[in-house]
2 protein chains.
Amino acid sequence: MSVSGQPVKEQRRTRQRAAVDEVLDETADFISAQELHAILRSRGAGVGLATVYRTLQTMADDGRVDVLRADGGEAVYRRCLREEHHHHLVCRSCGAAVEIAGPTVERWTKSMADKYGYVDISHTLEIFGTCPRCAAQSSP
Amino acid sequence: MSVSGQPVKEQRRTRQRAAVDEVLDETADFISAQELHAILRSRGAGVGLATVYRTLQTMADDGRVDVLRADGGEAVYRRCLREEHHHHLVCRSCGAAVEIAGPTVERWTKSMADKYGYVDISHTLEIFGTCPRCAAQSSP
DNA sequence: TCTGTATTGAGAGCCATTGTCAAAACGGCG
DNA sequence: CGCCGTTTTGACAATGGCTCTCAATACAGA
């Protein structure tokens, strides 16, 4: 996936999509579709849940947001700064994330795949931990 | 998780748990709880779905099976050969997996975490691709 | 064998996510 | 500016994975 360019079909500018975009811009942490929907709702912006899901999905397909699975398997989204492929160092407690690139890892996965004859490779790598701020709060 | 030892509480040997164990032994690929349940059912061994879930979950907690999330977020399980921490090269098409260890990666994630002050680190890394066998079938 | 406790299982329940489809919103065009 | 074909939306139903409930049942040690 996301190997080809971004020959995105349509893409009308609508109030709903703008709203979702806005929330993503303001949020530095990974959030779920449900949370995003709740924020919009509390903010008065009426946007249907289905629309939030659709929008996030489209954005994810286009590579405009990053997706990863929370512990329970729930999908969480985040607007990323760097366009290129990268990974995250995510705070288990507050969701704060740092984007990191790992040329070493990329090379390593490639060599492993080659070694075993696997083709059309992709990979997922996320690091979870407790960020400095949260760590400080729990043991002062 | 799985940092501490395995102070597993009880663990009675039951027909159901043995059945699940058996299927896992015979299966080299990652399979979902639902699939495992279907296999048991087709085999005549009556084991409730809830039990399959519970058993797999317990095994996962004890580190006796590895878990990872399929594309749709569904959890898939597999009995692993090596006890220590490792990763997988998984076939997107048939689920066949190769276990691989990556000292380089372990070191890298550790250094990244340190760099940003994150503590109590854990990480997930899985490589997906098409195995030689499946690749051969699709373009002969 | 007896007994206290761990385990099971059928089914209800929970929750994230997707499908449906008529009504509403876009945006290019005249 | 209003028209129109197409894209989007959204309320709600429907899926599907997974968990909870709790009475019935199967262990395992005495």
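Chain letters run A, B, ... following the sequence lines, proteins first and then strands; every chain starts at 1. Computed from heavy atoms alone, side chains included, the values below leave out hydrogens, waters and symmetry copies.
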Checklist entry - Who passes ring pair (Phe, Tyr, Trp, His ring centres under 6.0 Å) against B/His37, sequence neighbours left out? => result none

Next on the checklist: Looking at B/Asp114 and B/Lys110, is any side-chain nitrogen of the basic one under 4.0 Å from a carboxylate oxygen of the acidic one?
Outcome noted: yes

Checklist entry - Is the centre of the A/Phe128 ring less than 6.0 Å from the centre of the A/His88 ring? => result no

Next on the checklist: I need the CG-C1' distance between B/Leu56 and C/dT7, as an integer number of Å.
Outcome noted: 15 Å

Checklist entry - Rounded to whole angstroms, how far apart are CD on B/Gln16 and C1' on D/dC27? => result 11 Å

Checklist entry - Is a salt bridge present between B/Arg79 and B/Glu22, judged by a nitrogen-to-oxygen distance below 4.0 Å? => result no

Item to check | Five-pair end axes of the helix from C/dT1-D/dA30 to C/dG30-D/dC1 and the angle they enclose, rounded to 10° | outcome: 30°

Next on the checklist: Please report the distance, rounded to the nearest Å, between CD in B/Gln11 and P in D/dG29.
Outcome noted: 14 Å

Checklist entry - Between B/Arg15 and A/Thr14, who's closer to the 5' end of DNA chain D by nearest nucleotide? => result A/Thr14

Item to check | Closest listed nucleotide, where the reference is the side chain of A/Arg12 and the choices are C/dT7, D/dT9, C/dC26 | outcome: C/dC26

Checklist entry - Can you check whether B/His123 and A/His87 have ring centres sitting under 6.0 Å from each other? => result no

Checklist outcome for this item: Taken to the nearest whole Å, CZ/A/Arg69 to C1'/D/dG17 is 12 Å

Checklist entry - What is the distance from CG of B/Asp71 to P of C/dT18, rounded to the nearest Å? => result 12 Å

Checklist entry - Does anything in residues 25-42 of chain B reach DNA chain C, meaning a heavy atom under 4.0 Å, and if so which residues? => result none

Checklist entry - Looking at DNA chain C, which of residues 47-54 of chain A put a heavy atom within less than 4.0 Å of it? => result A/Leu49, A/Ala50, A/Tyr53, A/Arg54

Checklist entry - Thinking salt bridges, do B/Asp29 and B/Arg78 make one under a 4.0 Å N-O criterion? => result no

Checklist entry - Can you name the side chain to side chain contact (heavy atoms under 4.5 Å, CB included) partners of A/Arg69, sequence neighbours left out? => result A/Ala75

Checklist entry - With a non-hydrogen cut-off below 4.0 angstrom, is B/Gly46 in contact with a base, only sugar-phosphate, or nothing? => result sugar-phosphate

Item to check | Residue pair B/Ser122, A/Arg92: steps toward the side chain to side chain donor-acceptor pair (under 3.5 Å) verdict | outcome: CA-CA 10 Å; B/Ser122 71; A/Arg92 205 179 276 120; 3.1 Å; yes

Next on the checklist: Taking transitive links into account, so neighbours of neighbours count too, which hydrophobic residues share a cluster with A/Leu40 at under 4.5 Å side-chain distance?
Outcome noted: A/Val20, A/Val23, A/Leu24, A/Ile31, A/Leu36, A/Ile39, A/Val47, A/Val52, A/Leu56, A/Met59, A/Val65, A/Val67, A/Tyr77

Checklist entry - Rounding to a whole Å, what distance do you find between B/Gln57:CD and D/dC18:P? => result 10 Å

Next on the checklist: In whole Å, I'd like the distance from the CD atom of A/Glu74 to the C1' atom of D/dG17.
Outcome noted: 14 Å

Checklist entry - In terms of hydrophobic clusters joined by side-chain contacts under 4.5 Å, are B/Ile100 and B/Leu125 together? => result yes

Item to check | Exceeds 12 heavy-atom contacts within 6.0 angstrom, atom CZ of B/Arg41 | outcome: no

